[in-house]
There are 2 protein chains.
Amino acid sequence: MSRVDKSAIVRAAEEVVREKGARKLTLDAVAAQCGLSKGGLIHHFRTKQSLLKAMLESAIAREDAGAAACATAGGNLVVSRLSSIFELMEDDEGLPRSLIAAVAEDPALLEPVKVKEAQLRNEISSSYNDPELAQLLILAAQGMFFGRVLGVMEQGDPMLDRLRERLFTLSADLT
Amino acid sequence: MSRVDKSAIVRAAEEVVREKGARKLTLDAVAAQCGLSKGGLIHHFRTKQSLLKAMLESAIAREDAGAAACATAGGNLVVSRLSSIFELMEDDEGLPRSLIAAVAEDPALLEPVKVKEAQLRNEISSSYNDPELAQLLILAAQGMFFGRVLGVMEQGDPMLDRLRERLFTLSADLT
DNA sequence: GTTAAGATACCGACCAGCCGGTTGGTTTGT
DNA sequence: ACAAACCAACCGGCTGGTCGGTATCTTAAC
């Protein structure tokens, strides 16, 4: 076996991003963070892009888990999706922004996100009798997500809470 | 006077981004694109960041002009804003994505966007008797914008058109 | 139980290309 | 003549990736 496994490396990479920002996500930095030499790191991820991909997949998995948890807790599809988006908005500070930066520069990384999103759209289309409205609610939440994560919206703004509330009440009315 | 002015340089930079992507937006490339040496370029923009800032401001100005045009054509505030967002979504291919990448890595560039957005929120708050709903409509459009620009949503999707339509009908009902 | 052999994990020095920015000079406009 | 515009060679740091080697583990034959 190995002293470190891939998931530990991904966590280390996330840590680096959180502490130093996307621009400083360097192979040396990641290696140092998880107590590995660059050679050792490269042994696990042959290229930086593959590491980015793993980070993206990890993030997606986490978000999915959040949504699933809320879904079993009784929320409908849209409500649980909204919850997971807002949750993601709260806890991690700089990680989402950095992932956005990475993705914006390399569209190839998006593939997994794309399929997840397509799945979600299908589920919505077949679950609600006004799927467009349901879609729009999620899109609004995603808009808030980007606005918040990129720093356009202040987090202290009470407007933000009101909008969040409103989204939930609107989505509760969905059938 | 000079053979080239700042706006020409900004246009050249946009061209580079559109052709080669954000990662390849290098001072040499921009200089070459507008027939200037790197030294000559640096004479106009002392640092790369200042060039990025100019690009951002130019983009904001364009989007504002679009919204203003629609506003004088009779649309209400939200409608004109939606129009300008969708317009931006259509015409430029890789530019918005690259600007997003730049901004995500350097939050300082966001300041102008931030104030514009704050202004817009204020106007909305005092113009509609359900400002939250108006906000949500714009946020949904922005969500679509990000989804489309980052490549998560396919542009051929008929769902996209339906959502756009729906947003306009909803915003037409605003008072 | 021991050992030989192969594979896997890891190390760290090194390299080559890229890129932002500097500098010292030349041209061009007034 | 003076300044602004511009040029082109150069520098230095950073970074992704390579490479030749060592250490640790697995397997299996004896």
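Note: hydrogens, waters and symmetry copies are ignored here, and every other heavy atom, side chains too, is used. Letters go in sequence order (proteins before strands), and every chain restarts at 1. No experiment lies behind these values; they were computed from the predicted model shown.
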Just the rounded figure in Å: distance from [atom2] of [N] to [atom1] of [X].
{"X": "A:L27", "N": "D:dT18", "atom1": "CG", "atom2": "P", "answer": "11 Å"}
{"X": "A:D28", "N": "C:dC14", "atom1": "CG", "atom2": "P", "answer": "15 Å"}
{"X": "A:R23", "N": "D:dG13", "atom1": "CZ", "atom2": "P", "answer": "19 Å"}
{"X": "A:R46", "N": "D:dT15", "atom1": "CZ", "atom2": "C1'", "answer": "19 Å"}
{"X": "A:I42", "N": "D:dG20", "atom1": "CD1", "atom2": "P", "answer": "17 Å"}
{"X": "A:D5", "N": "C:dT8", "atom1": "CG", "atom2": "P", "answer": "17 Å"}
{"X": "A:E105", "N": "D:dG16", "atom1": "CD", "atom2": "P", "answer": "12 Å"}

From the options [options], select the nucleotide whose nearest atom is closest to the side chain of [X].
{"X": "B:L36", "options": "D:dC7, D:dT15, C:dG20", "answer": "D:dC7"}
{"X": "B:S37", "options": "C:dC10, C:dC19, D:dA8", "answer": "D:dA8"}
{"X": "A:H43", "options": "D:dC6, C:dT22, C:dA9", "answer": "C:dA9"}

- Message: What contact category does A:L25 fall into here, base, sugar-phosphate, or nothing, at under 4.0 angstrom with non-hydrogen atoms?
- Response: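 Contact class for A:L25: sugar-phosphate only.
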- Query: Between the base of D:dG17 and the side chain of A:K48, is there any donor-acceptor pair under 3.5 Å?
  - Reply: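 In this structure, the two groups form no donor-acceptor pair.
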- Message: Distance criterion of 3.5 Å, no angle test: do you see the side chain of A:K38 paired donor-to-acceptor with the base of C:dG12?
- Response: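 Result: no qualifying N/O pair found.
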- Item | Passing option when B:E105 is tested against A:K24, A:R97, A:R23 for salt bridge (charged side-chain N to carboxylate O under 4.0 Å, His left out) |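 Testing B:E105 for a salt bridge (charged side-chain N to carboxylate O under 4.0 Å, His left out) against A:K24, A:R97, A:R23 leaves exactly one candidate, A:R23.
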Reckon [X] has a side-chain N or O less than 4.0 Å from the OP1 or OP2 of [N]?
{"X": "A:T47", "N": "D:dG17", "result": "yes"}
{"X": "A:H44", "N": "C:dC10", "result": "yes"}
{"X": "B:T26", "N": "C:dC18", "result": "no"}

- Query: Taking the six-membered ring for Trp, are A:F146 and B:F146 parallel (under 30°), tilted (30 to 60°) or perpendicular (over 60°)?
  - Reply: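 Correct class here is parallel.
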- When you measure from the side chain of B:Y128 to the backbone N and O of B:Q135, does any donor-acceptor pair fall under 3.5 Å?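 Not confirmed, B:Y128 side chain does not pair with B:Q135 backbone.
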- Sidechain-backbone polar pair: B:K116 side chain, B:I60 backbone, donor-acceptor under 3.5 Å: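 Checked: no pair found.
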- May I ask you to test the A:M55-A:V17 pair for a side-chain heavy-atom distance under 4.5 Å?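 Result yes, sub-4.5 Å side-chain heavy-atom pair found.
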- On DNA chain C, check which nucleotide each of B:G39 and A:V4 is closest to and give me the residue with the more 5' one.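 Nearest nucleotide further toward 5': that of A:V4.
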